[in-house]
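Heads up, the thing below is written out as structure tokens.
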Amino acid sequence: MIEKYSSCLEKKEEKRERLLPPLENAEEGKVVMRFAPNPNGPPTLGSARGIVINGEYVKMYDGKFILRFDDTDPRTKRPVLEAYDWYIEDTEWLGYEPDEIIYASKRIGIYYKYAKELIELGGAYVCFCKQEEFKKLRDAGIECLHRNKSIEDNLEDWESMLEGKFKEGEAVLRIKTDMKHPDPAIRDWVAFRIIYESHPLVGDSYFVYPTLDFESAIEDKLCETTHILRGKDLADSERRQRYIYTYFGWAYPITKLWGRINVYEFGKLSTSGIKREIEAGKYKGWDDPKLPTVRALRRRGIEAEAIRRFFLSLGIGENEVWVSMKNLYAENRKIIDEKASRYFFIWDPVEVEIEKLPEERKIKLPLSPSGGERFLKGENKVLITRDDFEKFKGQVVRLKDFCNVLLEKKAKFLSFEIGNVKKGRIIHWIPLSEAVPCKVLGEVEAEGFCEKNVGRDVGKVVQFERFAFCKIENANSEVLAIYTHQ
RNA sequence: GCUCCGGUGGUGUAGCCCGGUCAAUCAUACGGGCCUUUCGAGCCCGUGACCCGGGUUCAAAUCCCGGCCGGAGCACCA
């Protein structure tokens with residue numbers, strides 16, 4: 001059995017060429033993992049890590065992948081209705097089709113049953129302490145008055161909670177842990193609280209909402225989750241939730257944590273932070289190409305495979321990492337370079353007239369490293385960028401694949417052959433008659449003209465030579481391109 | 001303050017559990033060269049790291065202790 005398992009693993013690793021460390025106690029075909037976001041915005045690069053790592057392990061062991069929405073706070077972390085689909089969409093786009101999708105908010109009724117059982121087991125009690133009062137007691141390690149009520153009283157109070165007899169903040173259901181636990185964060189934590197607020201998904205169905213720790217503890221059991229991979233910020237969750245598992249006699253899944261990820265270019269990735277900046281007008285929306293959301297990255301032409309490799313290379317260490325988008329770009333470049341069509345884009349254009357051009361020619365240029373060709377009209381009026389014009393004015397340059405000229409506003413034609421023009425003196429150009437206005441938006445923005453051939457690659461990433469890779473978003477009277485990366 | 005967790009080149013990572021084969025892997029970044037009718041890609045070369053101090057041991061990046069530094073949690077948020 002063990003032999004079978006390890007040889008199987010080796011094969012997989014060879015095939016996938018990647019190196020996630022084996023999961024503890026993982027059995028081929030029996031692994032169940034979940035990615036559990038709160039849909040209060042679209043997935044960011046941070047969420048993508050959870051999707052990729054969990055999804056990748058599931059693939060590695062041919063297991064089951066669950067997408068679960070931990071959406072049990074209609075107020076503080078209020079879910080956004082559209083975001084549910086955004087998560088599904090982006091998860092699939094990243095290459096991990098969920099085997100099952102769970103909406104915690106739709107299953108609150110189920111959690112009530114477990115809460116009741118827990119009370120009957122003496123593992124939970126309804127507490128009427130004010131929040132600050134309890135905090136003081138907790139820090140001092142002192143049990144509150146409500147902790148030792150009879151099970152009957154607790155059941156009755158719980159019913160009253162569910163019937164709406166209490167106001168917000170008046171009563172909560174606490175899990176009985178250990179008021180002397182060395183870590184105060186573990187002591188008698190809240191499992192249910194009262195929130196009279198309509199939920200974006202389930203409306204007014206409930207007003208007694210479970211906290212993440214309760215909901216997650218029950219769901220992980222119901223779904224038979226075998227392995228939990230989550231951020232280090234949730235480290236205490238395991239210690240809290242274990243109390244529930246102990247009361248019920250369940251076995252807790254194997255957990256592994258990873259540290260927080262920071263991207264140089266964006267700092268800490270926080271959905272609520274981005275939301276505020278969008279509202280403040282700093283960004284145009286969740287898919288603003290300057291944003292590190294999955295949809296924005298997709299829009300600008302980052303491939304799912306690049307994101308996958310990027311996170312795999314980051315590994316799953318427990319320390320906080322500071323990583324640069326350059327690493328993601330490098331992965332992406334490796335994928336797109338080969339297939340991206342090459343086009344000329346002239347930013348900040350200068351019109352140059354070539355005097356004494358002997359004839360107009362149809363100029364053939366390579367389309368991409370993997371082959372193909374494109375054509376430009378070699379005529380006597382061309383656009384080049386001001387940068388090149390200023391730099392090479394009065395000197396000999398070659399208009400790539402077209403001709404050599406002595407560069408001036410009225411340039412002198414020298415030859416069609418390249419002669420001995422050196423590297424670095426070959427510049428890009430567009431015939432005036434085939435120039436289409438073009439705007440580049442995103443991390444780098446520019447305006448100018450590109451060749452009309454670009455129209456063939458709408459929706460694709462192209463390389464504007466000597467500029468950058470860009471994704472052509474549309475090409476009507478004007479070309480709109482989203483800056484991908486260099 | 002209390003409780004956890006971590007510290008390998010600029011950045012990320014492998015190795016640490018089961019000490020030697022580690023004068024430490026790979027990627028990215030940076031520098032140089034080659035090639036190419038792109039300042040992209042490719043190829044080659046180079047720079048560059050085991051937090052500090054003790055201990056155990058013939059031998060420590062790897063084990064133990066202490067320190068320092070960093071992070072997380074301590075919500076009726078997730």
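From a predicted model like this one, the values you see are computed outputs, not experimental measurements. Numbers restart at 1 for each chain; the letters A, B, ... are given by sequence-line order, proteins then strands.
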Quick one: is [X] getting a side-chain N or O under 4.0 Å of the [N] phosphate, OP1 or OP2?
X	N	value
A/Lys326	B/G12	no
A/Gln131	B/C76	yes
A/Ser313	B/U28	no
A/Arg240	B/U3	no

Close approaches to RNA chain B from residues 168-189 of chain A, in residue order (heavy atom, under 4.0 Å):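 Close to the strand are A/Gly169, A/Val172, A/Pro182, A/Asp183, A/Pro184, A/Ala185.
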Nearest-nucleotide 5' precedence on RNA chain B, A/Gly315 against A/Trp347: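 Per heavy-atom nearest nucleotide, the more 5' residue is A/Gly315.
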Given RNA chain B, 5'-ward residue of the pair A/Asn38 and A/Ser324, judged by closest heavy atom: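 Looking at RNA chain B, the more 5' nearest nucleotide goes with A/Ser324.
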Do side-chain atoms of [X] reach the backbone of [Y] as a donor and acceptor pair under 3.5 angstrom?
X	Y	answer
A/His199	A/Lys106	no
A/Thr211	A/Val190	yes
A/Arg230	A/Phe35	no
A/Tyr112	A/Val208	yes

Assign [X] to base, sugar-phosphate, or nothing according to its heavy-atom contacts below 4.0 angstrom with the strands shown.
X	value
A/Leu212	base
A/Asp70	sugar-phosphate
A/Cys403	nothing
A/Ser216	nothing
A/Asp388	base
A/Phe469	sugar-phosphate
A/Arg138	sugar-phosphate

Sequence neighbours excluded, every pair satisfying salt bridge (Lys or Arg N to Asp or Glu O under 4.0 Å) that has a member inside residues 34-45 of chain A: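 Only A/Arg34-A/Asp220 qualify under salt bridge (Lys or Arg N to Asp or Glu O under 4.0 Å).
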For [N], which nucleotide in any strand shown is its Watson-Crick or wobble partner with both distances under 3.5 Å?
N	answer
B/G70	B/C5
B/G42	B/C34
B/G10	B/U28
B/C76	none
B/A61	none
B/G19	none

Round to a whole Å and report the spacing from [atom1] of [X] to [atom2] of [N].
X	N	atom1	atom2	value
A/Leu234	B/G71	CG	C1'	15 Å
A/Asn25	B/C17	CG	P	20 Å
A/Trp322	B/U11	CH2	C1'	12 Å
A/Lys275	B/C77	NZ	P	16 Å

Give me the distance, rounded to whole Å, that separates [N] from [M] when you measure between the [atom1] atoms they each carry.
N	M	atom1	value
B/A60	B/A23	C1'	15 Å
B/U28	B/A14	C1'	15 Å
B/C2	B/U11	P	30 Å
B/U62	B/U8	P	13 Å
B/C58	B/G53	C1'	23 Å

Donor + acceptor pair across side chains of A/Asp236, A/Trp189 (<3.5 Å):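 Distance-only check fails for A/Asp236 and A/Trp189.
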Residue pair A/Tyr252 / A/Gln241, side-chain donor-acceptor N/O under 3.5 Å: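 The answer is yes; a qualifying pair exists.
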Donor/acceptor link under 3.5 angstrom from A/Gln463 side chain onto base of B/U38: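 Looking at the base of B/U38, it does pair with a donor or acceptor on the side chain of A/Gln463 (distance under 3.5 Å).
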Ring centroid separation A/Tyr103 to A/Tyr84 under 6.0 Å: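 A/Tyr103 vs A/Tyr84: aromatic centres under 6.0 Å.
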Validation row, ring centre A/Phe467 to ring centre A/Phe345 under 6.0 Å: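 Yes - the distance between ring centres of A/Phe467 and A/Phe345 falls below the 6.0 Å cut-off.
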Shortest side-chain distance from A/Thr211, nucleotide among B/G7, B/A27, B/C77: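 Selected nucleotide: B/C77.
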